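Protein chains get the first letters and strands the later ones, always in sequence-line order, with residue 1 at the start of each. These numbers come from a predicted model, not from an experiment.
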Amino acid sequence: MAEVKSLSPGKQIWIRLKANRAAVTSMGLIGLLILMVLFAPWLSPFNGEDIDYEAIAAEPSLTSGHLFGTDSLGRDLFVRTMEGSRISLAIGLVATLVSLIIGINYGAIAGYFGGRVDAVMMRIVDILYAMPFMFFVILLMVFFGRNIFLIFFAIGAINWLDIARIVRGQTLAIKQQSYVEAARIYGASHWHIIQRHIVPNLLGIVVVYITLTIPQVILVESFLSFLGLGIQEPMTSLGALVSEGANEMESYSWTLIFPAVFLSIILFCFNFIGDGLRDALDPKQVK
Amino acid sequence: MRDNNLAIEVDDVSVSFRHSSSSLMSFKKNTFDALSNISIAVQAGSRLGIVGESGSGKTTLAKTILGLYQPATGTIGFNHGVQQNKDIQFIFQDPLAALNPRMTVEQLITEPLDYLGVKPDHATRTKKLKTIMEQVGLDYSQRQRYAHEFSGGQCQRIGIARAMITEPKILICDEPVSALDVSVRAQIISLLKEFQQRLDLTLIFIAHDLSLVRYISDELIVLYQGKLMEMGPSEEIFSHARHPYTQALISAEPRPDPDTERQRHYAEYGEIETADTKLDGCVYAGRCTYAQSRCHIEAPKLQQVGETVQVACFFPLEAVTSV
Amino acid sequence: MSALLEANNISIDFATESGVVHAVRDANIELFEGEVLGVVGESGSGKTQLMLGMLKLLPENAVTTGEVIYSDKDLLTLNKLDINRIRSNEIAMIFQDPMSSLNPYLKVSRQLTETLILNQKIDKQTALKQAIEILEKVRIPDAARRVHDYPYQFSGGMRQRIMIAMALLRKPKVLIADEPTTALDVTVQAEILALLKSLRDEFALSIILITHDMSIVAGQCDRVVIMYAGQPVEMASLDELFYAPKHPYTQGLLAAAKSQSGLTDKLVSIPGHPPVNTGIQLGCAFYPRCEQRLDVCQRDMPVMTGSNTQQQACHLYER
């Protein structure tokens with residue numbers, strides 16, 4: 001009789017995820033992209049800030065070395081796209097991380113303690129939700145000037161609300177499980193219960209949420225940059241590049257196309273990974 | 001506590017719950033009594049069975065003893081030396097649900113050791129784990145596996161190992177075999193009995209019917225709608241049920257014998273639709289086939305019948321043949 | 001006598017990450033007109049999967065092979081529309097948890113009348129009248145008023161009655177009841193069992209009763225199939241099974257059930273635990289737990305042998 005392999009819940013999810021071709025391809029692409037944005041700029045002979053006076057607004061060409069062409073200032077678009085992707089991904093990851101740390105703890109505490117604590121904490125979330133976020137961010141930018149950390153903060157500060165709500169809902173369900181009650185009976189503290197029994201069992205849903213939050217954050221940043229409120233020159237992001245490209249798309253179409261393609265690929269990939277994870281985490285769902 | 005032989009003394013305990021969950025907006029309190037005026041004394045080293053159907057308050061009573069619920073009135077006292085949060089352990093009905101799905105057997109069983117005050121070192125942990133896994137009949141080589149890879153019976157063994165590793169003085173089992181396959185139930189019962197005898201544990205065994213309980217408990221209490229119906233030695237209650245409810249519980253239980261079943265007259269046991277209405281009479285009067293007018297007006301108090309049994313009934317049954 | 005419902009050589013495999021799970025292997029079952037057939041097994045015995053597979057109710061990662069003959073048709077070859085018609089008119093199924101079949105947001109009246117209005121093209125008033133009638137048949141007190149309640153306003157036993165009423169609404173010939181009383185209190189269980197008994201005569205039902213409880217079988221069934229690890233191991237009339245059980249597993253199960261009912265002085269169990277149904281099985285699945293095992297049991301899978309009224313898959317009786 002063949003033995004059934006011993007599988008941890010994590011491994012099972014991984015096996016199911018691996019069976020999802022779109023998700024695996026997306027993960028590969030994201031991995032490749034991260035390597036590219038980290039190392040590709042050094043492979044290019046150009047620097048993102050240098051102006052090539054011999055090739056201003058030049059078309060993409062292999063011979064000149066400007067793979068993606070240059071913008072209207074003569075800066076190499078390949079290097080700038082890589083740097084922009086790097087900033088966009090970084091904002092996506094950091095802002096998501098910030099919102100995760102706040103959101104998980106806030107939601108888990110509200111859900112675990114329940115009652116009054118929960119009611120008060122979730123009303124605060126409701127109030128924050130009701131604030132016109134974009135307006136708020138624009139005001140911040142106008143008052144304090146454009147600042148990359150401010151962007152991290154602003155985006156993170158709004159996204160944790162979603163996570164807190166989801167985590168709280170899950171916590172309410174997990175709290176009812178008898179293994180949580182068991183832990184209370186053998187004397188685990190509230191802190192231990194949240195850390196050992198609640199949060200690890202939340203991870204599944206949170207992981208899905210991460211992959212859906214990252215593209216959302218990238219998109220918000222792009223939107224801010226498109227409005228001219230995002231990243232400040234000489235730094236750039238995909239949103240800022242798309243914005244510049246859009247102004248010149250009639251004459252120099254490549255300045256829009258390349259950053260836009262990168263932005264789309266990143267967004268697509270994260271969404272596919274998110275979808276794949278969601279299916280992998282829910283074995284009962286049959287397509 | 002005066003009597004040194006008592007492990008637990010439940011004195012006139014009532015527990016009530018609020019109906020609706022609390023909200024900032026509503027301050028209305030609708031309470032109902034899950035337990036009313038329960039008094040029991042559990043001898044150290046004895047085995048007490050608590051029997052009742054859903055809504056009888058049997059689990060509430062156990063959790064109040066554990067300190068998870070605060071009694072609205074009354075007190076729970078323990079023998080000196082027993083600390084509520086250290087020396088009482090609990091076995092759950094659904095063995096798999098009581099085990100965190102993201103922890104290995106090793107982590108599951110040894111976790112309670114972290115909360116004993118002094119954390120044992122790695123070597124002690126391993127030794128304790130090995131011993132306890134052997135004692136409950138689990139294979140030590142399977143300690144890195146997850147709960148969902150085991151059958152129900154084995155999961156319950158993990159639960160027992162987790163409870164026993166802290167060497168408790170009192171063990172409360174909430175229908176520990178109801179969710180298990182018929183063919184393995186006796187294994188778990190005898191395992192629990194073995195621990196009880198070897199360590200001189202005080203054991204509380206909760207069940208929804210009387211048939212299994214009599215193998216493990218020497219004393220029995222029967223609860224209905226949060227009230228004590230009957231109390232006494234198991235054998236005595238099982239062979240001569242004096243409360244009509246206890247009798248109904250025994251006779252309603254089907255027997256694995258076609259000839260007996262063919263002779264069964266299905267009695268109407270009556271079904272309770274709402275527990276909300278507070279009646280002045282006996283809680284069981286509405287379903288009771290022997291109820292008389294007095295039963296609907298006045299609630300019977302626990303009274304001594306015979307030498308060892310106490311019954312809350314105005315008209316206790318005389319030596320009724322069970323089955 | 002030919003069978004009303006006949007399942008031949010049913011095998012059900014589930015494709016999972018950790019390999020193929022054989023939930024049911026080569027099972028043969030027949031249900032005769034007017035009888036109550038008990039299908040008994042522990043967790044993982046495949047008793048529920050077998051029934052779901054016969055009615056094509058399993059998820060898509062399950063593969064069911066074999067044939068299920070009902071009124072000269074093979075149910076497994078029917079298309080969705082036809083099998084739905086069979087399931088709503090001919091073979092009804094009720095489950096352990098009534099809430100899984102009742103919509104918590106709809107009044108009972110709506111849930112009962114909806115299928116009548118849709119399928120029988122009758123007006124609302126007539127449908128409601130029929131719904132109240134059927135609720136009275138399952139003995140729900142004050143049915144005319146309570147039909148307008150929501151499922152949560154009923155107790156567990158009453159919900160189970162409503163589910164039975166829903167199953168009987170279309171006057172099916174076969175009722176498959178999957179552990180219908182497991183979630184109920186003993187006193188309520190006794191009433192539901194009594195109800196099933198009387199409904200059987202009233203509606204001329206043939207019933208398949210799936211359960212793990214030998215005591216329920218004793219009071220309800222005419223014939224019994226014992227399943228272990230996805231296979232029927234013994235099939236016999238009620239009395240033969242209880243008073244002359246042949247398969248060691250049946251004997252063990254009966255002994256355990258008897259002791260748990262307080263009929264013996266000592267509590268007994270079968271050593272070991274039920275197997276996981278994966279991989280290729282050579283010998284008898286019960287071999288590791290069997291106290292009467294022979295050498296041959298480890299090598300060869302036993303086949304069903306025996307009389308007309310009692311068959312068992314065990315090498316002890318093979319000659």
CG of B:N100 to CD1 of A:I198: how many Å apart, nearest 0.5 Å? 9.5 Å
Can you tell me how far the CZ atom of B:F92 sits from the CD atom of A:E181, to the nearest 0.5 Å? 5.0 Å
Begin from the C-alpha positions of A:R196 and B:D114 and carry the test side-chain contact (heavy atoms from CB on, under 4.5 Å) through to its verdict. CA-CA 12 Å; A:R196 282 191 181 175; B:D114 292 347; 2.8 Å; yes
Do A:Y179 and B:L99 make a side-chain contact, defined as non-hydrogen atoms from C-beta onward lying under 4.5 Å apart? no
Quick one: which of A:A188, A:P200, A:A183, A:S189 has the most heavy-atom pairs under 4.5 Å with chain B, could you say? A:A188
Looking at chain B, which one of A:R184, A:H197, A:Q177 has the largest number of heavy-atom pairs inside 4.5 Å, strictly under? A:H197
Around [X], counting heavy atoms of other residues, nucleotides and ligands shown, do more than 12 lie under 6.0 Å from its [atom1]?
X: A:F223; atom1: CZ; answer: no
X: B:R198; atom1: CZ; answer: yes
X: B:Y140; atom1: OH; answer: yes

Which of [options] touches chain A most, by non-hydrogen pairs under 4.5 Å:
options: B:T104, B:L68, B:L66, B:L96; result: B:L68
options: B:G67, B:A97, B:P168; result: B:A97
options: B:Q89, B:E111, B:Q142; result: B:E111

Cut-off 4.5 Å, heavy atoms of chain A, and the answer for B:K63 is side chain
If I compare all heavy atoms of [X] with all of [Y], which pair ends up nearest, and what's the gap?
X: B:A98; Y: A:A182; result: O-CB, 4.1 Å
X: B:D94; Y: A:S178; result: O-OG, 4.5 Å
X: B:I88; Y: A:I185; result: O-CG2, 4.3 Å

Look at the aromatic rings of A:Y186 and B:Y115 and report parallel, tilted or perpendicular, splitting at 30° and 60°. parallel
